[in-house]
Q: 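The structure's right below; bear with me while I get my questions together.
Sequence lines set the chain letters: A, B, ... in the order given, protein chains first and strands last, and positions in each chain run from 1. Just the heavy atoms: all of them, side chains too, but no hydrogens, waters or symmetry mates, feed the values below.
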Amino acid sequence: MTSSNDSENTEERRVSNFVRNIIEEDIAAGKNEGQVITRFPPEPNGYLHIGHAKSICLNFGVAERYKGQCHLRFDDTNPTKEEDEYVEAIKEDLRWLGFDWGEHEYYASDYFDQLYDWAIKLVEEGKAYVCDLTFEEMKEYRGTLTEPGRNSPYRDRTVEENLDLLARMAAGEVDEGKMVLRAKIDMAAPNLNLRDPVMYRVLKMAHHRTGSKWNIYPMYDFCHGQSDSIEGITHSVCTLEFEDHRPLYDWYINALGIHHPQQIEFARLNIEYTMMSKRNLLELVNEKHVDSWDDPRMPTLSGMRRRGYPPQAIRNFCEAVGVAKANSTVDFAWLEHFVRNELNKTSPRFMAVVNPLKVVIENYPEDQVDELEAVNNPEDPEAGTRMVPFSKVLYIERDDFMEDPPKKFFRLAPGREVRLRYAYFITCTEVIKDAATGEITELRCTYDPETKGGNAPDGRKVKATMHWVSVAHAQQAEVRNYNQLFTKANPKRGKKGKHWTTNINPESREVLTECYIEPALAEVKGGERVQFERLGYYCADNQNHTRKAPVFNRTVTLKDVWAKMQKKG
RNA sequence: AGGGGCGUGGCCAAAUGGUAAGGCACCUGCUUUUGGUGCAGGGUAUUGUAGGUUCGAAUCCUACCGCCCCUGCCA
């Protein structure tokens with residue numbers, strides 16, 4: 001894999017974060033024999049988003065940096081939510097990001113037998129019991145944040161009875177919701193997680209990997225720490241909300257006397273104008289606010305892939321964002337910076353007119369066609385050149401002409417001369433309008449044959465260079481311009497009583513069907529990333545794009561000082 | 001209110017007692033056949049507040065303020 005200068009520089013600049021500091025101290029102290037084993041533990045119940053990418057980059061990054069390894073483990077303890085489809089999608093996203101877990105692909109369900117044995121051990125030691133309380137009763141017995149809970153009336157069952165009941169639960173003799181296995185810890189603990197937490201619940205449902213073998217399934221809390229332990233994880237990196245669970249994991253691990261991974265919690269990633277919770281993303285999909293999980297407006301990795309974000313840009317972004325314990329929300333502009341930076345170096349340039357205005361070059365011979373040489377990527381000489389056809393009738397961008405331009409506008413206007421990129425200087429001589437609506441329908445211009453290629457022999461300068469396309473040679477295409485999915489930087493914080501979906505941006509997608517692309521651009525394949533000169537970076541849609549009916553998604557616009565000036569007024 | 005965390009410029013984030021990095025954003029110039037890229041420069045911080053310890057504090061202590069998480073048989 002080529003590591004770009006950018007990623008190397010970022011690597012150098014980011015001297016430390018607290019997770020790396022801890023690991024380096026551990027290595028220096030000879031802890032775990034200097035080994036570093038991390039893991040990325042997704043639940044296969046949805047698609048990965050950029051928030052996961054932060055965790056992925058951290059876990060795989062740290063493993064690589066310290067010559068360790070990172071496991072991929074699916075936390076599949078709840079058969080009611082998990083599916084193989086998600087397992088495959090997650091693996092695809094991970095590979096796309098560029099990470100390799102080798103043979104270290106695991107499933108929490110691989111440990112179900114071991115977990116059950118451990119549960120029996122805890123029962124035998126009087127550290128766990130079967131409880132018949134209903135949901136409502138359990139809640140009531142749990143107490144509140146400020147009041148201690150009360151012991152369950154089933155708390156003092158004999159070991160024999162507990163063993164028998166647990167076996168019956170496992171054998172399918174107990175209905176769902178009737179009994180659970182709980183750890184006997186402390187109903188008065190100020191940390192609610194320690195108030196006799198549930199270890200096993202009855203779920204008579206087939207599991208995507210273990211089939212119908214089990215009628216009971218371990219809770220995440222009774223599974224996660226032990227899974228890390230079994231795999232010999234040295235540093236178990238997770239998000240802040242699990243800080244409160246650490247004492248419970250410690251309790252299980254100590255009670256079982258097994259390897260103790262060190263859990264380190266960090267703040268999850270938030271980005272302006274988007275949201276990162278699987279629940280909300282699922283709602284966007286289910287309620288058809290977006291087309292699918294991989295809708296280019298989604299912050300999912302599959303959505304970003306479809307939108308045209310390069311994986312390296314996401315990795316560089318995650319590296320730059322850093323790792324800390326303070327909750328934070330990153331500027332959207334920062335993400336876009338990394339996307340542009342990567343794309344600028346790698347995408348071939350083409351001319352495409354997205355909002356056409358017809359231009360007739362009056363003094364250009366009717367049947368003549370010039371083939372003009374254009375540079376494919378000024379940032380990369382190796383990308384070479386291509387030929388672009390020029391003829392009498394062209395399209396230019398509607399925004400590139402103003403009949404009555406303000407001072408700062410230096411594109412085409414009546415009587416003004418500009419350059420058509422790689423072609424000629426042209427001067428606007430006449431504006432033709434629709435008699436009824438007053439809309440400009442066509443421009444008449446003249447060209448200077450001496451300026452072929454874009455330079456005037458007499459040395460005269462021109463203030464603007466514009467992109468264009470020859471009508472006779474252009475292919476029509478669909479262009480989907482995407483904007484922020486939400487109108488608020490924090491979509492969740494809207495007016496009181498208003499659902500967050502009311503903050504969805506009605507202009508998040510603009511579909512343009514009357515677009516024209518130069519011939520070479522029509523050769524591009526689905527998934528390829530290109531630049532439309534002067535407009536932005538685009539990606540041929542990885543599902544709908546065909547040679548006959550091209551479809552391009554806008555990844556991100558180019559920076560545009562003119563647009564910025566207009567916005568400011 | 002009980003418990004667990006967190007507060008460094010507009011946004012992230014370094015600095016683990018020695019006198020506030022860096023990036024993004026923003027602003028100025030220069031370069032430019034993308035108003036792109038690149039280059040040069042610039043302004044933003046009494047490090048949440050108030051005290052204290054110290055020759056010296058973002059870093060240690062105390063109090064206060066603010067924000068986040070926790071009462072699923074979800075993860």
Q: Grab the N/O contacts between the protein and nucleotides 34-37 of chain B below 3.5 Å, and write none if there aren't any.
A:
{"residue": "U34(B)", "atom": "O2", "partner": "Q531(A)", "partner atom": "OE1", "Å": "2.9"}
{"residue": "U34(B)", "atom": "O2", "partner": "R534(A)", "partner atom": "N", "Å": "2.9"}
{"residue": "U34(B)", "atom": "N3", "partner": "Q531(A)", "partner atom": "OE1", "Å": "2.7"}
{"residue": "U34(B)", "atom": "O4", "partner": "R349(A)", "partner atom": "NH1", "Å": "2.3"}
{"residue": "G35(B)", "atom": "OP1", "partner": "R534(A)", "partner atom": "NH1", "Å": "2.8"}
{"residue": "G35(B)", "atom": "O2'", "partner": "V561(A)", "partner atom": "N", "Å": "3.2"}
{"residue": "G35(B)", "atom": "N7", "partner": "R411(A)", "partner atom": "NH1", "Å": "2.2"}
{"residue": "G35(B)", "atom": "O6", "partner": "F410(A)", "partner atom": "N", "Å": "3.2"}
{"residue": "G35(B)", "atom": "N1", "partner": "K408(A)", "partner atom": "O", "Å": "2.9"}
{"residue": "G35(B)", "atom": "N2", "partner": "K408(A)", "partner atom": "O", "Å": "3.2"}
{"residue": "G36(B)", "atom": "N2", "partner": "E379(A)", "partner atom": "OE2", "Å": "2.8"}
{"residue": "U37(B)", "atom": "OP1", "partner": "K559(A)", "partner atom": "NZ", "Å": "3.4"}
{"residue": "U37(B)", "atom": "O2'", "partner": "N344(A)", "partner atom": "ND2", "Å": "3.1"}
{"residue": "U37(B)", "atom": "O2'", "partner": "E379(A)", "partner atom": "OE1", "Å": "3.2"}
{"residue": "U37(B)", "atom": "O2'", "partner": "E379(A)", "partner atom": "OE2", "Å": "3.2"}

Q: Check nucleotides 6-10 of chain B for protein N or O atoms closer than 3.5 Å to its own N or O atoms and list the pairs.
A:
{"residue": "G10(B)", "atom": "N2", "partner": "D331(A)", "partner atom": "OD2", "Å": "3.1"}

Q: Relative to Y141(A), does R150(A) satisfy both conditions: NZ or CZ under 6.0 angstrom from the six-membered ring centre, and within 45 degrees of the ring's axis?
A: yes

Q: If I pick the P atom on A58(B) and the same atom on A15(B), what distance separates them, to the nearest angstrom?
A: 16 Å

Q: Any base atoms under 4.0 Å from N45(A), or only sugar-phosphate, or nothing? Heavy atoms, all strands.
A: nothing

Q: Just to verify, what does F74(A) make a ring-ring contact (aromatic ring centres under 6.0 Å, His included) with, not counting sequence neighbours?
A: Y107(A)

Q: Return the nearest nucleotide to the side chain of V321(A); candidates are C24(B), A75(B), C12(B).
A: C12(B)

Q: Give a yes or no on this: more than 12 heavy atoms of other residues, nucleotides or ligands lie within 6.0 Å of atom CZ of R268(A).
A: no

Q: Which residues pass the salt bridge (Lys or Arg N to Asp or Glu O under 4.0 Å) test with R340(A), sequence neighbours left out?
A: E336(A)

Q: Kindly write out the residues that satisfy salt bridge (Lys or Arg N to Asp or Glu O under 4.0 Å) with D221(A), not counting sequence neighbours, or none if the list is empty.
A: none

Q: How long is the gap from CG on L558(A) to CG on N344(A), to the nearest 0.5 Å?
A: 8.0 Å

Q: Who pairs with S277(A) by side chain to side chain donor-acceptor pair (under 3.5 Å), at least two apart in sequence or on another chain?
A: N280(A)

Q: Side chains of R421(A) and T465(A): any donor to acceptor distance under 3.5 Å?
A: no

Q: Just checking, is any N or O donor in the side chain of R419(A) or T451(A) under 3.5 Å from an acceptor N or O on the other one?
A: no

Q: Please list, chain by chain and in numerical order, all residues satisfying salt bridge (Lys or Arg N to Asp or Glu O under 4.0 Å) with K452(A), sequence neighbours excluded.
A: D370(A)

Q: Scan E25(A) against the nucleic acid and name what it touches under 4.0 Å (heavy atoms): base, sugar-phosphate only, or nothing.
A: base

Q: If you check the H337(A) side chain, which of C24(B), C74(B), C12(B) turns out closest?
A: C24(B)

Q: What does L133(A) touch in the nucleic acid at a heavy-atom separation under 4.0 angstrom: a base, only the sugar-phosphate, or nothing?
A: base

Q: Going by salt bridge (Lys or Arg N to Asp or Glu O under 4.0 Å), name the residues that satisfy it together with R460(A), two or more places apart in sequence or in a different chain.
A: E417(A), D448(A), D458(A)

Q: At under 4.0 Å between heavy atoms, what does V180(A) touch on the DNA or RNA strands: base, sugar-phosphate, or nothing?
A: base

Q: Give one of base, sugar-phosphate or nothing for T77(A), where a contact means two heavy atoms less than 4.0 Å apart.
A: sugar-phosphate

Q: Quick one: on RNA chain B, does K54(A) or F135(A) contact a more 5' nucleotide (nearest heavy atom)?
A: K54(A)

Q: Using OP1 and OP2 only, check whether a side-chain N or O of N316(A) sits under 4.0 Å from G23(B).
A: no

Q: In dot-bracket form, how is RNA chain B paired, counting a Watson-Crick or G-U wobble pair only if both its distances are under 3.5 Å and using | for bases paired to another strand?
A: .((((((..(((.....[...))).(((((.......))))).....(((((..]....))))))))))).....

Q: Would Q263(A) and E265(A) count as having a side-chain donor-acceptor pair, cut-off 3.5 Å?
A: yes

Q: Under the criterion of centre distance below 5.5 Å and interplanar angle below 30°, is Y220(A) classified as stacked on the base of C74(B)?
A: no

Q: Determine the interatomic distance between P on U53(B) and the same-named atom on U62(B); round to the nearest Å.
A: 15 Å

Q: Hey, what are the protein-to-nucleotides 69-71 of chain B N/O distances that come in under 3.5 Å?
A:
{"residue": "U71(B)", "atom": "O3'", "partner": "R142(A)", "partner atom": "NH2", "Å": "3.4"}
{"residue": "U71(B)", "atom": "O2'", "partner": "R142(A)", "partner atom": "NE", "Å": "2.8"}

Q: Compare side-chain N and O positions of S328(A) against OP1 and OP2 of A13(B) and report whether any pair is under 4.0 Å apart.
A: yes

Q: Using a cut-off of strictly less than 4.0 Å, decide whether R201(A) has a side-chain nitrogen or oxygen near OP1 or OP2 of A75(B).
A: yes

Q: I'd like to check the ring-ring contact (aromatic ring centres under 6.0 Å, His included) partners of Y395(A); sequence neighbours left out, ordered by chain and number.
A: Y516(A)

Q: Can you list the residues that meet the side chain to side chain donor-acceptor pair (under 3.5 Å) rule with E137(A), with sequence neighbours excluded?
A: T134(A)

